[in-house]
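A short worksheet on the structure shown next.
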Amino acid sequence: MKAIEFRDVSFSYKKGGFAISHLNFSVEEGEFVAVLGHNGSGKSTLARLCNGLLTPKAGKIFVYGEEVTDKNLFDVRKKVGIAFQNPDNQAVASVVEDDVAFGAENVGLPREEIGRRIAFALGAVGMESYRTATIARLSGGQKQRVAIAGVLALKPNVMILDESTAMLDPRGRREIVDVVKKLNKEEGIAVVLITHFMDEALLADRAIVLNRGEIVMTGDPASIFERHEELLTYNLDLPRIGKICKQLQAGGMAVPDTLDPEELAEAIARCVSSRNG
Amino acid sequence: MKDVSFGQYYPVRSFVHRADPRLKILFLIAFITAIFIAKNFYGLAVCAFVLLLAILFSRVPFLKVLRAVRGVLFLVLFTAVLNLLFRTGEKTYWDGPAVYWSWKIFSVTQEGIVESLFLVVRLILLVVCSSLLTYTTTPVSLTDGIESLLTPLKWIRFPVHELALIMSIALRFIPILMDETERVKNAQMARGADFESGNPVRRVKAVVPILIPLLLSAFRRADELGDAMDARCYSGGKKRTKYKKLRLGWRDLIVFLVGAAMVTGVVLLRIYLGWPL
């Protein structure tokens with residue numbers, strides 16, 4: 001079943017230019033999709049369209065087969081959650097559990113259920129021991145995990161991460177990526193990971209490249225990164241491992257283009273031993 | 001990281017700390033009422049005695065409590081001196097002239113001395129009791145308490161939930177904006193801005209380059225927070241449930257009884273005993 005479906009969707013912030021134009025795009029239930037794109041490519045607009053924070057100027061958006069309208073926004077947002085970029089601008093309360101409770105309170109769940117949801121959500125992001133901590137004292141990665149927990153408390157079917165790793169240090173970024181992988185594999189939540197870190201896209205089932213509001217490439221991440229030259233024209237680059245392959249090749253080593261570290265390691269070992277032998 | 005325990009919460013576990021914030025707020029109101037009902041020193045003595053007990057049971061060091069007075073010492077003394085100089089009256093409370101000294105409209109009388117003393121005691125009790133509340137109650141639970149106490153006002157359509165949410169968000173953003181102020185200030189200083197020298201007018205003017213970026217960023221944050229709240233199904237106070245419920249316990253009964261006894265005592269003393277002793 002299609003969790004999210006865009007049919008010929010266009011959106012513009014001001015008259016004239018389009019942030020998103022004639023976009024057809026869908027996310028299957030339980031799928032992990034990475035959305036790549038340079039600044040201003042329409043990534044964040046795409047995210048905000050998915051759960052009705054923005055309304056398309058033309059075209060239709062469906063969530064689980066139902067068209068998103070002003071009337072079912074509440075239900076749509078229960079199904080499609082978004083975590084945003086800035087870890088400091090998403091929390092309404094000072095204490096972790098109060099903030100995670102916020103969404104569940106908004107939809108009018110009974111108290112006991114909210115308690116269970118908090119435990120579930122904090123468990124899913126590995127923050128259960130911080131339940132009564134002060135958010136201001138947490139690290140960036142921890143704050144962002146709390147923000148994700150706040151969305152999870154609504155038990156969404158789809159989780160959108162709108163550059164949620166962009167403002168974090170490498171460690172915080174790894175924390176979030178691990179959480180996202182786990183949510184997708186263990187909880188079966190569909191993930192739309194919007195990012196400009198190519199390494200993160202490798203985890204996805206499918207990657208989409210946006211450029212000036214249009215989808216210009218789509219396919220599994222490996223096949224997208226094979227089209228290196230084309231990526232460069234959209235101001236995107238290879239994941240680190242891909243870049244290493246290119247550099248080794250330029251240095252005269254016969255390694256294949258690969259995104260698998262094991263494969264690359266073996267190829268390097270072969271090259272080295274044949275050279276020495 | 002800078003310590004962001006703004007306000008003056010003194011973190012220990014004590015009887016007073018664990019009492020319900022609503023009862024503590026009500027107690028403060030009762031206390032303030034009592035010191036203004038009190039017409040003689042007996043009444044104030046009762047209040048002072050109760051306050052002393054409260055300080056003992058709060059485990060906040062006595063010196064720390066007194067330090068709260070230091071902040072308003074100037075104000076207290078100023079009021080007392082004015083009162084002393086302008087008070088005229090022929091009443092005598094001890095052997096000696098009713099008027100000690102007078103010049104034009106100023107005079108020092110026995111009545112003035114007694115009145116000023118009374119005023120000083122009143123103000124000090126007031127300040128100590130209020131700061132005891134903030135020493136023993138976190139800003140978050142104070143907000144919860146105020147929200148709960150204001151709930152009856154929903155009846156006349158007063159936006160209680162909205163007010164509480166505003167307070168809670170404000171508390172949440174104080175540490176963030178404090179950090180940011182520091183950052184902007186450093187950034188401006190790195191560009192050669194000078195905040196420390198010059199006359200007061202110049203120094204006030206020097207603050208403008210800090211305020212403008214701070215204000216802009218606050219608006220941006222507000223915008224993002226709004227999106228994050230919408231994404232978590234926020235739609236105002238209707239249909240909303242609350243996870244945290246304040247519960248009254250035995251401590252609160254004691255607080256209530258002590259408060260009631262104090263007010264009754266002060267009223268009786270006012271009726272049956274005269275001014276000032």
Side-chain angles (χ1 to χ4, degrees), chain A residues 44 47-48 50-54 73-95 97-118 132 134-139 143 147 150-154 156 160 162, chain B residues 1-7 9 11 13 137-144 147 161-162 164-180 183 217-247:
Chain A
S44 288
R48 284 167 162 79
C50 286
N51 75 345
L53 287 176
L54 296 175
L73 278 183
F74 218 62
D75 292 319
V76 166
R77 285 174 188 165
K78 270 195 248 180
K79 289 187 185 120
V80 182
I82 303 191
F84 294 90
Q85 184 177 34
N86 193 324
D88 278 327
N89 295 352
Q90 298 176 65
V92 288
S94 306
V95 178
E97 64 173 348
D98 294 352
D99 186 62
V100 175
F102 181 72
E105 291 177 325
N106 287 339
V107 295
L109 292 172
R111 254 179 61 90
E112 302 73 40
E113 177 61 16
I114 296 178
R116 279 196 293 275
R117 295 273 180 110
I118 296 174
T132 54
T134 306
I135 294 180
R137 289 176 196 263
L138 300 178
S139 73
K143 282 179 192 166
V151 178
L152 285 179
L154 285 159
I160 299 171
D162 183 10
Chain B
M1 188 182 161
K2 215 165 51 179
D3 187 26
V4 286
S5 61
F6 53 91
Y9 184 66
R13 275 170 87 82
T137 319
T138 59
V140 175
S141 70
L142 256 177
T143 315
D144 288 345
E147 178 180 15
H161 157 75
E162 282 75 5
L165 189 68
I166 290 170
M167 285 197 290
S168 147
I169 291 175
L171 286 177
R172 161 83 188 92
F173 276 86
I174 287 173
I176 293 174
L177 291 180
M178 264 164 46
D179 268 4
E180 187 142 282
R183 239 191 345 261
S217 123
F219 276 113
R220 200 175 52 241
R221 287 178 190 281
D223 212 30
E224 282 185 39
L225 182 71
D227 269 355
M229 286 168 67
D230 275 341
R232 286 203 270 164
C233 295
Y234 182 70
S235 61
K238 277 175 207 143
K239 284 199 290 186
R240 206 167 181 277
T241 45
K242 210 148 165 37
Y243 172 58
K244 271 210 178 135
K245 273 229 170 72
L246 295 167
R247 264 204 219 102

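Naming: A, B, ... by sequence-line order, numbering from 1 per chain. Basis for what follows: all heavy atoms, side chains included, without hydrogens, waters or symmetry-related copies.
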Name the region of A:F74, side chain, backbone, both or neither, that has any atom closer than 4.5 Å to a heavy atom of chain B.
-> both
Would A:F102 and B:L165 satisfy side chain to side chain contact (heavy atoms under 4.5 Å, CB included), going step by step from the backbone distance to the final call?
-> CA-CA 11 Å; A:F102 181 72; B:L165 189 68; 4.1 Å; yes
Top contributor to chain B contacts, counting heavy-atom pairs under 4.5 Å, from A:V92, A:L53, A:I114 = A:V92
Ionic contact status for B:R232 with A:D99, cut-off 4.0 Å | yes
Leading residue by heavy atom contact count with chain A [cutoff under 4.5 Å; candidates B:R221, B:R220, B:K242, B:E224] = B:R221
Would you mind telling me which of A:E113, A:K78, A:E105 has the largest number of heavy-atom pairs within less than 4.5 Å of chain B?
-> A:E105
For the residue pair B:L225 and A:A91, what are the closest heavy atoms and their distance?
-> CD1-O, 3.6 Å
Heaviest contributor of heavy-atom pairs below 4.5 Å to chain B, chosen from A:G81, A:P156, A:A101, A:G150, is A:G150
Counting only heavy atoms closer than 4.5 Å, note whether A:A104 contacts chain B via side chain, backbone, both or neither.
-> backbone
Assert top hit (heavy-atom pairs under 4.5 Å, partner chain A, pool B:G226, B:C233, B:G236) equals B:C233
Find the distance between CE (B:M229) and CG (A:N106) and round it off to the nearest 0.5 Å.
-> 7.5 Å
Part of A:I160 lying under 4.5 Å from any heavy atom of chain B | neither
Do A:R48 and B:D227 pass the salt bridge (charged side-chain N to carboxylate O under 4.0 Å, His left out) test, and can you show the C-alpha distance, the side-chain angles, and the key distance before you say yes or no?
-> CA-CA 9 Å; A:R48 284 167 162 79; B:D227 269 355; 2.9 Å; yes
Largest heavy-atom contact set with chain B, pairs under 4.5 Å, which of A:A83, A:G108, A:G103, A:G52 = A:G108
Side-chain heavy-atom pair B:R172, A:D88 within 4.5 angstrom cut-off = yes
Side-chain donor or acceptor of B:T241 paired with backbone N/O of A:L109 under 3.5 Å | yes
